[in-house]
Every structure is written in C-alpha cells, then in structure tokens.
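Data block below; observations after.
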Amino acid sequence: MKKLIAITGASSGFGAEMAKIFNANGFPLLLLGRRTEKIEELGLNGEVMIRHADVTNQEELSKAIKEAESVYGPVDLLVNNAGVMLLGNVWKQSAKEWKTMLDTNVLGVLNGMQVVLPGMKKRHHGTIINMSSIAGFKAFQNHAAYVASKFGVHGLSETVRQEVSGENVRIMLVAPGAAETELLTHVTDNSALSEYEDWKQSMGGITLDPKHVAETVKFMYDMPQEVNIREVDIAATRQDS
Ligand code: NDP
C-alpha cells in the first residue's frame, strides 16, 4: 500500500505539478496551501485531502497533518515546498518583505519538519524534501533576503540530515534554477523584476518547466529508503549562473 505524501504550497508551480504526478501514481495525498480553491481546481481524484495551511502557523499545519494521518496513516514524505521570492535591494526593500520570506522559507520549513520528524524517527522510516534554490548556495543580485532564506534552507537541511540519518530518515534538498511558476508575481520592485526578465531573455526566454522538477522529486523519493539523493541542482540548460 502506498504511503501518505504531504505537500506544502500545492496550489501552484512546483507544488501543483508534484500533486499531479503523485496523484497519477496512486499515492494518498495531503495538499496544503492558503488558496485551497486553486488546489481544488487541479481536479485530482482518489485519496486526496486538501486543507488550508499557512506554513508560518505550525498549529494549523500540524492539525492538517494529524487529520490526514488519521485517515491515511503516517506521512512518509513531506515536501516543504511553499515559498516566496520578493526581489529587492537591502537599502530599499521593506523589512516586511524580508520577514515574509524568512518566516515562510525558513520557519515554514522548520515548522513542517518539527511536526513529522518525531514520528519518522520513531518508525525509522520517512523522507523530507526541502525546496531550496540555486540561490541557496550562490548569490544573485537583487536577491539578498531571498538568498539569505535559501542559504538557511541548505544549512538546516544538511544539519538535520546528519542528525536523523542514523534513524534511517532521509532529508533531501532540491535546488532549482529559474522556472515558469507564479513565483515572480509577488515581486513589488519593478526594476528588480525587469532585470530578472532581462536575465530570462538571455537564456532564450523560457526557463524550467515545473513538471520536470516534480518528476525529479518523484525519482528521489522512489529510491529505496537506504539511498538518499541528498541534493539535486536542476536548471534550464541555457541558465548560465
Ligand atoms: P509559486 O508562487 O508558483 O508557488 C508557491 C507556493 O507556495 C504556492 O502554492 C503558495 O500557495 C505557497 N505559499 C506561499 N506562502 C505560503 C504560506 N505562508 N503558507 C503556505 N503556502 C504558502 O512558486 P514556485 O512553485 O516556483 O515555488 C515553490 C518553491 O520553489 C518555493 O520554495 C520557491 O522558493 C522555490 N523555487 C522556485 C524557483 C522558481 O524560479 N520558480 C527557483 C528555485 C526555487 P498559497 O499562496 O495558496 O498559500
């Protein structure tokens, strides 16, 4: 019997593609996000539970996970995918935008890990895949606070991986390059946005199709439990940075 998979940020982009591919392969799913109507619109059938959960609210996240576990059994894979990227320069970006990114991208990941890790450690089974970014190991101009948040995801993932590896729990990380999702739609700094668009044009205007990231996540999870693909760095071939 296939085990429960929970995905945060399943309403668009990578999360929605992961939901589709795991659903097509018959996994019971807990799909989380704030815009639950967008998750409903994916039109998935079978064992799918859709719940509102803001990853910055651990209580809400935990409640949804416990509810899904009571129906489908323990979560065997948590994908901490929810994230925001608000571009801007430190000397002019609002502290509110920094906080949104750090709360969502770093604390949101920690929140999810804290909910599922005790059970996974006890069962000596389970996988957590954290969605970081190439901006999690190298700098990009106009991205300072985002880079800080994703370096955080890299650092905490490797730390916890070492801590729980002895209990047969896998911590994996995916570091995608630029992709065609809704991520840029929240950027408020128009000059940073147009520089990003110019950069995209330099790679032919088309970046990663999120479905290939979803396929990669599934491949990583499908490896036997004794194999941990610790980190994948995936980008459009034409991305030069
Ligand atoms: P999208 O904007 O398409 O998706 C982001 C998802 O995160 C949405 O489903 C959104 O759902 C969810 N989300 C945002 N904030 C919260 C929150 N507080 N609580 C719960 N869910 C939240 O972007 P992507 O698919 O591109 O982003 C997914 C991940 O991939 C992010 O971590 C991003 O940093 C990372 N990434 C993206 C790259 C890209 O170029 N697209 C490159 C590298 C990494 P809702 O608003 O409904 O809550």
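By convention here, the first residue in the shown sequence is residue 1. What you see is a predicted model; the values in this text were computed from it and never measured.
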*asked:* I'd like to know if Val213 and Met220 are part of one continuous hydrophobic network [Ile/Leu/Val/Met/Phe/Trp/Tyr, side-chain heavy atoms within less than 4.5 Å].
replied: yes
*For atom CD of Gln141, is the number of surrounding heavy atoms from other residues, nucleotides or ligands below 6.0 Å larger than 12?*
no
*For Glu59, look at atom CD and say whether over 12 heavy atoms of other residues, nucleotides or ligands are found less than 6.0 Å away.*
no
For a quick test of your reading: what N or O donor-acceptor pairs under 3.5 Å do the side chains of residues 103-119 make, sequence neighbours left out?
from   : atom 1 : to     : atom 2 : distance (Å)
Asp103 : OD2    : Lys99  : NZ     : 2.7
Thr104 : OG1    : Thr100 : O      : 2.6
Asn105 : OD1    : Val84  : N      : 2.9
Asn105 : ND2    : Val84  : O      : 2.9
Asn105 : ND2    : Ser149 : OG     : 3.1
Asn111 : ND2    : Val55  : O      : 2.8
Asn111 : ND2    : Leu107 : O      : 3.3
Gln114 : OE1    : Gln58  : NE2    : 2.9

*With distance as the sole criterion, is a donor-acceptor pair present between the side chains of Asn80 and Thr8 under 3.5 Å?*
no
*asked:* For the CZ atom on Arg238, are there more than 12 heavy atoms of other groups (residues, nucleotides or ligands in this structure) within a distance under 6.0 Å?
replied: no
_Interatomic spacing from NE2 in His124 to CD in Glu167 - rounded to 0.5 Å_ = 5.0 Å
*Test applied, side chain to side chain donor-acceptor pair (under 3.5 Å); reference residue, Asp76; option that passes from Lys2, Lys3, His125*: His125
*Would a hydrophobic clustering, with Ile, Leu, Val, Met, Phe, Trp and Tyr connected at side-chain separations under 4.5 Å, put Trp199 with Leu208?*
no
_When you compare the side chains of Gln225 and Asn168, does any donor N or O come within less than 3.5 Å of an acceptor on the partner?_
no
_Point-to-point distance, once rounded to the nearest 0.5 Å, from CG of Leu102 to CD of Glu97_ = 12.0 Å
_Show, in sequence, the C-alpha distance, side-chain angles and deciding distance for Met85 and Ser133, and conclude whether the side-chain contact (heavy atoms from CB on, under 4.5 Å) test is met._
CA-CA 11 Å; Met85 180 178 78; Ser133 169; over 6 Å; no
_Residue pair Met49, Glu67: steps toward the side-chain contact (heavy atoms from CB on, under 4.5 Å) verdict_ = CA-CA 9 Å; Met49 185 181 284; Glu67 186 187 351; 4.2 Å; yes
*When you check the side-chain N and O atoms of Ser132 and Asn130, is any donor under 3.5 Å from an acceptor?*
no
*Side chains of Gln201 and Glu197: do they bring a donor and an acceptor to under 3.5 Å?*
no
*Classify the angle between the aromatic ring planes of His143 and Phe140 as parallel (below 30°), tilted (30 to 60°) or perpendicular (above 60°).*
tilted
*Once you round to the nearest 0.5 Å, how far does OG1 of Thr127 lie from CD1 of Ile129?*
6.5 Å
*Quickly, which of Lys218, Lys211, His212 forms a side chain to side chain donor-acceptor pair (under 3.5 Å) with Glu215? Name it, please.*
His212
*Nearest-0.5 Å distance, CG of residue Leu30 to CZ of residue Arg51*: 8.0 Å
*Between atom CG of Leu183 and atom OG1 of Thr181, what is the distance when rounded to the nearest 0.5 Å?*
4.5 Å
*Hey, any chance Leu42 and Met18 share a hydrophobic cluster, counting ILVMFWY side chains that come within less than 4.5 Å of each other, even indirectly?*
yes
*Can you find a side-chain donor-acceptor pair between Gln239 and Thr207 that sits under 3.5 Å?*
no
*Apply side-chain contact (heavy atoms from CB on, under 4.5 Å) to the pair Phe219 and Val232, showing each step before the final yes or no.*
CA-CA 11 Å; Phe219 176 80; Val232 166; over 6 Å; no
*Between CZ on residue Arg230 and OG on residue Ser157, distance to nearest 0.5 Å*: 12.5 Å
*Taking the side chain as every heavy atom from C-beta outward, state whether Tyr221 and Phe27 have any atom pair closer than 4.5 Å.*
yes
*With a 4.0 Å cut-off, would you call Lys63 and Glu60 a salt bridge?*
no
*Between the side chains of Asn142 and Asn89, is a donor N or O closer than 3.5 angstrom to an acceptor N or O?*
yes
_Under a 4.0 Å threshold between the charged nitrogen and the carboxylate oxygen, would Glu17 count as salt-bridged to Lys20?_
yes
*asked:* Tell me whether Arg170 contacts the main-chain N or O of Gly126 through its side chain, where contact means a donor paired with an acceptor under 3.5 Å.
replied: no
_Stepwise side-chain contact (heavy atoms from CB on, under 4.5 Å) test for Glu180 and Lys200_ = CA-CA 10 Å; Glu180 301 296 322; Lys200 260 181 73 172; 3.0 Å; yes
*So, does Asn23 use its side chain to make a donor-acceptor pair with the main chain of Asn45 at under 3.5 Å?*
yes
